[in-house]
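I have placed the structure first, in the form of structure tokens, so that the comments after it can refer back to it.
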Amino acid sequence: MIVALYIFMALVIVGAILYFFHRRQLSKLAPGEKAPEIVEPEQCCGMHITCERDSLLAAVSNEIEYYDDEELDRFRGTDPESYTDDETEEFRNVLLTLLPEDIAGWARSIQLRGIELPVPVRDELLMIVAEARQNSNH
């Protein structure tokens, strides 16, 4: 219990010091001058899962390309949480039979067709893409 109290006190002290220095920095600004804004990078570095999802699902083109998976169109508008195990396995089979260079295009095609992947398959897709990008960077 004492250790938790020490940790809490340390956090409060560090927070107070950071707040003090932040206010001091703001007071150095000229009257009417705004604090500099944090600018987010425009391109994905490929090192974070949200980057993977956003860059992967960004529609590079609006042309729908089929990967011998027309049967998946019946899932258009289906909630990702409501897939049965067999339906999830159907998506997984398509994903695992794709050539590595076709995976990102397939994901874009699925999105353009209004199909949401089952959660486990979506996670597997993101993991495969992240691993492929990591391997290509080395």
Side-chain angles (χ1 to χ4, degrees):
M1 185 69 171
I2 301 251
V3 173
L5 182 61
Y6 286 140
I7 292 172
F8 178 73
M9 288 180 8
L11 287 173
V12 169
I13 292 170
V14 168
I17 291 170
L18 290 174
Y19 177 77
F20 170 75
F21 283 112
H22 176 69
R23 296 299 296 170
R24 186 171 152 209
Q25 188 71 21
L26 288 178
S27 68
K28 290 181 181 180
L29 295 175
E33 184 181 359
K34 290 184 177 181
E37 293 182 22
I38 297 174
V39 178
E40 295 291 328
E42 291 186 21
Q43 288 191 333
C44 177
C45 64
M47 297 302 291
H48 304 93
I49 197 70
T50 56
C51 285
E52 296 294 345
R53 183 189 64 232
D54 295 342
S55 66
L56 181 64
L57 298 180
V60 174
S61 75
N62 290 331
E63 184 179 330
I64 295 174
E65 184 176 345
Y66 284 89
Y67 294 81
D68 197 25
D69 64 345
E70 294 81 4
E71 70 277 2
L72 297 180
D73 282 343
R74 73 180 190 277
F75 297 114
R76 186 176 289 129
T78 302
D79 180 56
E81 301 284 336
S82 66
Y83 288 107
T84 66
D85 290 341
D86 289 339
E87 292 169 339
T88 300
E89 196 58 35
E90 188 174 345
F91 278 96
R92 184 175 286 120
N93 286 338
V94 172
L95 173 62
L96 296 178
T97 58
L98 290 169
L99 296 172
E101 59 269 15
D102 288 339
I103 292 176
W106 179 72
R108 283 190 298 276
S109 172
I110 289 290
Q111 182 192 30
L112 290 171
R113 290 156 53 191
I115 302 169
E116 292 193 53
L117 294 172
V119 175
V121 176
R122 183 189 64 217
D123 293 344
E124 291 169 20
L125 171 70
L126 294 174
M127 190 172 61
I128 290 169
V129 171
E131 187 176 300
R133 285 187 180 169
Q134 185 178 14
N135 289 340
S136 69
N137 288 338
H138 287 134

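No hydrogens, no waters, no symmetry mates; every other heavy atom, side chains included, goes into these values. All values derive from a computational prediction rather than experimental measurement.
More than 12 heavy atoms of other shown residues, nucleotides or ligands fall within 6.0 angstrom of atom CZ in Arg74. Counting non-hydrogen atoms of neighbouring residues, nucleotides and ligands closer than 6.0 angstrom, the CG atom of Asp68 reaches no more than 12 such neighbours.
In this structure, the separation between CD on Glu124 and CD1 on Ile103 is 11.0 Å, given to the nearest 0.5 Å. Annotation: the span from Leu117 atom CG to Leu125 atom CG amounts to 6.5 Å, rounded to 0.5 Å. Remark: Ile128 CD1 to Asp123 CG distance equals 11.0 Å, nearest 0.5 Å. In this structure, the separation between CD1 on Ile13 and CZ on Phe8 is 10.5 Å, given to the nearest 0.5 Å.
Within the 4.5 Å cutoff, side-chain heavy atoms of Ile115 are placed close to those of Asp73. The shortest side-chain heavy-atom distance between Arg122 and Val119 falls under the 4.5 Å cut-off. Put simply, the side chain of Pro118 does not reach to within 4.5 Å of the side chain of Arg92, judged on heavy atoms. In this structure the side chain of Glu70 never reaches within 4.5 angstrom of the side chain of Leu72, judged on heavy atoms.
Without hydrogens or angle criteria, Ser109 side chain to Tyr66 main chain gives no donor-acceptor distance under 3.5 Å. A distance-only check finds a donor-acceptor pair linking the side chain of Asp69 to the backbone of Tyr67 [under 3.5 Å]. Arg113 places no side-chain N or O within donor-acceptor distance of the main-chain N or O of Ile110, the cut-off being under 3.5 Å.
Nearest approach of Val94 to Thr97, heavy atoms of both residues: O-OG1, 3.0 Å. Considering all non-hydrogen atoms of both residues, Glu116 and Pro80 come closest at OE1-CG, 3.1 Å.
Under a hydrophobic clustering in which Ile, Leu, Val, Met, Phe, Trp and Tyr are joined whenever their side-chain heavy atoms come within less than 4.5 Å, directly or via other members, Met9 and Ile2 fall into the same cluster.
Aromatic ring orientation, Tyr83 versus Phe75: perpendicular (interplanar angle above 60°, classes split at 30° and 60°).
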